[in-house]
Amino acid sequence: MKELRTLLEDLEFTCEKGGLDRKVSAVVYDSRKVQEGCLFLCIEGANFDGHTAAAEVVSGGAGVLVVSKEVEIPESADVTVIRVENTRYAMAFIAAAWFDHPAEKLTTIGITGTKGKTTTTYLVKSILENAGRKVGLVGTIEVIIGEEHMHAVNTTPESYVLQEDFARMVEAGCDTVVMEVSSQALKLHRSQGFVFDFGIFTNLEPDHIGPNEHDSFEDYLHCKGLLFKQCKVGIVNCDDEHWQKVVEGHTCSLETYGLSDRADLKAEHLVFTNRQGHLGVKFDVRGLMNMEAEIAMPGRFSVYNAMTAIAICRHFNVSVADIQKALLAAKVRGRIEMVKVSDDFTLMIDYAHNAMALQSLLTTLKEYEHGRLVCIFGCGGNRSRDRRFEMGEVSGRLADFTIITSDNPRFEEPEAIIADIVTGISRTEGAYEAIPDRKEAIAYAIAHGQPGDIIVLAGKGHEDYQEIRGVKYHMDDRELVLEVVEGIRQ
């Protein structure tokens, strides 16, 4: 139980009914979870407005309603009604107070940007743990608290869930948390209720623009920039053309990183490495820190991810040796993840599931000396057909050979999706083969692998399921690859 006054102390509000001298038994924002004496937040969602459930939750025992507009409840109801400007914003501060402000007991690192967030969080976790810190992680793939790994629902969870995760991290002995901060989370105030010690911007490209996301690129850019009004130290990639717009009106100190001479911390003398099918990059770091570095992930964007991590971790007085060791050891599930199948050629799994991501990945890989660049991918059903045409065209243009297969067909026929991808690839001169069964497609690629080939298995990444007609079946690209390799050996 907590005092209502305590939960509201960081908020501006009006008490429209009842009094503040109440004990609160729980903080709830789902009308199905109402309990006696709870505080219920009326949240406006894309499909449901909690304000419409006000009378229902009061009859279910709610003692406090937090609202942003008029609600219909019985005049005789013994309930306190608190009016705020925005109930999502209020929820973040109420949740922080409910869990005794756990973020204040952690060093908080928030990373925003179109690409690189996931990989960078794992790099930071790897480096800081190498240096002896205990680090929690919140991101697209999972939430990590101590030894516990939990599947993530959103890149950045609702503020209540986030504060609960922070509290569990404190309880587990964590001293630091590194997290992905999506533009949607910033827009919906999920990361309010505390101030980040470090806010990081990786890059910005048009994405997440459409219904229930962002109305325009300008809105997307604005929301990314909100992080720099909610952190103490801002660290930004100054090679991105939008960085100055993103940090406009910032309230934090700022430092920059990148590959250009104007960066406070810069990477130079890049050398692409290929060691028995394992691709990576060696480079020098100069400026705010001076060292040699190497990362066991391919391409220029991997250097940016590593530089982001270095720019953060230098604030923790991590030794050069610890940074070097951690960068070489770090692996991220489903993000340019190397899977050893042969000394002769490279196979990697990546989450690239739209044309922009696939083009970035394939363009990067073409910078390496290699045999053929082979791309295996499919597209999700019940999604824009344009994505299929675009991905087909990208792979046909950049890969030497494409194997078109199934992804998540959902309620469409895999053959119909593949036909759309073929339409896109036919606009190029790219060679291709269509093999609907994903395991068979992988087996074909491995069986026909040639010395020096780079085989990219794209689209699923960290996902471990295939969705068919409303049912999710277990399917993991890593397991499929290992099954194929084992079958070939036998």
Side-chain angles (χ1 to χ4, degrees), residues 109 111-128 130 178 180 198 200-205 235-243 255-275 277-315 318 320-332 334-338 346 348 350-352 356-370 373 454 456:
I109 304 164
I111 302 174
T112 199
T114 305
K115 295 184 298 192
K117 297 189 298 296
T118 300
T119 300
T120 304
T121 56
Y122 283 89
L123 290 176
V124 170
K125 181 171 166 47
S126 175
I127 292 170
L128 293 181
N130 245 292
V178 58
E180 297 181 50
F198 299 95
I200 294 88
F201 167 69
T202 60
N203 51 61
L204 194 69
E205 293 180 15
I235 301 172
V236 298
N237 170 13
C238 67
D239 292 350
D240 187 274
E241 62 178 308
H242 305 289
W243 79 271
E255 60 186 57
T256 62
Y257 69 93
L259 272 63
S260 58
D261 287 338
R262 66 178 174 272
D264 298 325
L265 185 75
K266 71 170 183 171
E268 57 186 23
H269 307 139
L270 276 58
V271 177
F272 298 116
T273 61
N274 186 345
R275 297 194 173 102
H278 285 275
L279 308 181
V281 196
K282 293 172 77 172
F283 57 98
D284 294 331
V285 179
R286 295 289 177 263
L288 293 173
M289 193 173 190
N290 296 292
M291 58 181 279
E292 293 177 352
E294 183 174 358
I295 188 163
M297 297 176 185
R300 201 169 294 268
F301 58 72
S302 293
V303 176
Y304 276 109
N305 292 340
M307 287 296 290
T308 311
I310 293 167
I312 296 164
C313 293
R314 74 173 199 86
H315 286 273
V318 182
V320 167
D322 277 331
I323 292 176
Q324 290 169 328
K325 180 182 173 185
L327 287 178
L328 271 176
K331 290 181 176 61
V332 184
R335 299 303 200 274
I336 43 178
E337 178 186 357
M338 307 285 175
T346 301
M348 69 178 66
D350 193 78
Y351 187 51
M356 181 175 68
L358 191 63
Q359 176 160 317
S360 175
L361 177 62
L362 297 181
T363 302
T364 287
L365 295 175
K366 287 178 82 71
E367 294 188 78
Y368 284 80
E369 289 184 16
H370 60 84
L373 182 54
I454 298 176
V456 178

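Numbers here simply count residues along the sequence, with the first being 1. Side chains included, hydrogens not; waters and symmetry mates left out as well; all remaining heavy atoms used. Bear in mind the structure is a predicted one, so any value in this text is a computation, not a measurement.
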Walk me through it: do Asp239 and Ser260 pass the test side-chain hydrogen bond (donor to acceptor under 3.5 Å, both in side chains)? CA-CA 7 Å; Asp239 292 350; Ser260 58; 2.5 Å; yes
Could you check Thr202 against Lys115 for side chain to side chain contact (heavy atoms under 4.5 Å, CB included), going step by step and ending with a plain yes or no? CA-CA 7 Å; Thr202 60; Lys115 295 184 298 192; 5.7 Å; no
Closer than 3.5 angstrom, by distance alone: can the side chain of Asp240 be matched with the main-chain N or O of Asn203 as a donor-acceptor pair? no
At their closest point, which heavy atom of Arg300 faces which heavy atom of Phe272, and how far apart are they? N-CE2, 4.1 Å
Has Lys325 got a side-chain atom pairing as donor or acceptor with Ala321's backbone, closer than 3.5 angstrom? no
Closest approach of Glu255 and Ala311, non-hydrogen atoms and distance? OE2-O, 3.9 Å
Between Thr112 and Phe201, is there a donor-acceptor pair closer than 3.5 Å when you use the side chain of the first and the backbone of the second? no
Heavy-atom donor-acceptor pair, Thr256 side chain to Asp264 backbone, under 3.5 Å: yes
Determine whether the aromatic ring centres of residues Phe283 and His269 are separated by less than 6.0 angstrom. no
Nearest atoms (heavy-atom pairs only) where Leu327 meets Ala293: CD1-CB, 4.2 Å
Leu365 side, atom CG; Leu361 side, atom CG - distance, nearest 0.5 Å: 4.5 Å
Side-chain (Glu337) to main-chain (Lys331) donor-acceptor, under 3.5 angstrom: no
Taking the side chain as every heavy atom from C-beta outward, state whether Ile111 and Glu180 have any atom pair closer than 4.5 Å. no
Rounded to the nearest 0.5 angstrom, the CE-CG distance for Met297 and Asp350 is 10.5 Å
Is Arg275 salt-bridged to Glu294, going by a charged N under 4.0 Å from an acidic O? yes
If we ignore hydrogens and angles and just use 3.5 Å, is the side chain of Tyr368 paired with the main-chain N or O of Gly280 as donor and acceptor? yes
Rounded to the nearest 0.5 Å, what separates atom CG in Asn130 from atom NZ in Lys125? 11.5 Å
After noting the C-alpha distance and the side-chain angles of Met348 and Leu279, does the key distance pass the side chain to side chain contact (heavy atoms under 4.5 Å, CB included) rule? CA-CA 10 Å; Met348 69 178 66; Leu279 308 181; 3.8 Å; yes
Please determine, by modelled atom types, if Tyr257 and Thr308 share a side-chain donor-acceptor pair under 3.5 angstrom. yes
Distance in Å, Asp284 CG paired with Asn290 CG, rounded so as to fall on 0.5 Å steps: 9.5 Å
On a heavy-atom basis, which atom in Val318 and which in Leu128 lie closest, and how many Å separate them? CG2-CD2, 3.8 Å
Checking Leu373 against Leu362 for the side chain to side chain contact (heavy atoms under 4.5 Å, CB included) test, could you report, in this order, the C-alpha distance in whole Å, the side-chain angles of both residues, the deciding distance, and whether it holds? CA-CA 8 Å; Leu373 182 54; Leu362 297 181; 4.1 Å; yes
Within this structure, what is the CE-CG distance for the pair Met307 and Leu265, rounded to the nearest 0.5 Å? 4.0 Å
Please check if the side chain of Thr121 supplies one atom and the backbone of Thr118 the other of a donor-acceptor pair under 3.5 Å. yes
Only one of Ile235, Ile109, Leu288 clears side chain to side chain contact (heavy atoms under 4.5 Å, CB included) with His315; which? Ile235
One pair to check against side chain to side chain contact (heavy atoms under 4.5 Å, CB included): Tyr304 and Asn237. What are the steps and the verdict? CA-CA 8 Å; Tyr304 276 109; Asn237 170 13; 3.6 Å; yes
Side chain Asn305, main chain Thr120, donor-acceptor under 3.5 Å: no
Grab the two heavy atoms, one from Cys313 and one from Ile127, that are nearest each other, plus how far apart they are. SG-CG2, 3.6 Å
Of the non-hydrogen atoms in Ile295 and Ser302, which two are nearest, and what is the gap between them? CD1-O, 3.8 Å
Donor-acceptor pair, distance only, cut-off 3.5 Å: does the side chain of Ser360 make one with the backbone of Met356? no
To the nearest 0.5 Å, what is the distance between NZ on Lys266 and SG on Cys238? 10.5 Å
Is it the case that more than 12 heavy atoms not belonging to Glu367 sit under 6.0 Å from its CD atom? yes
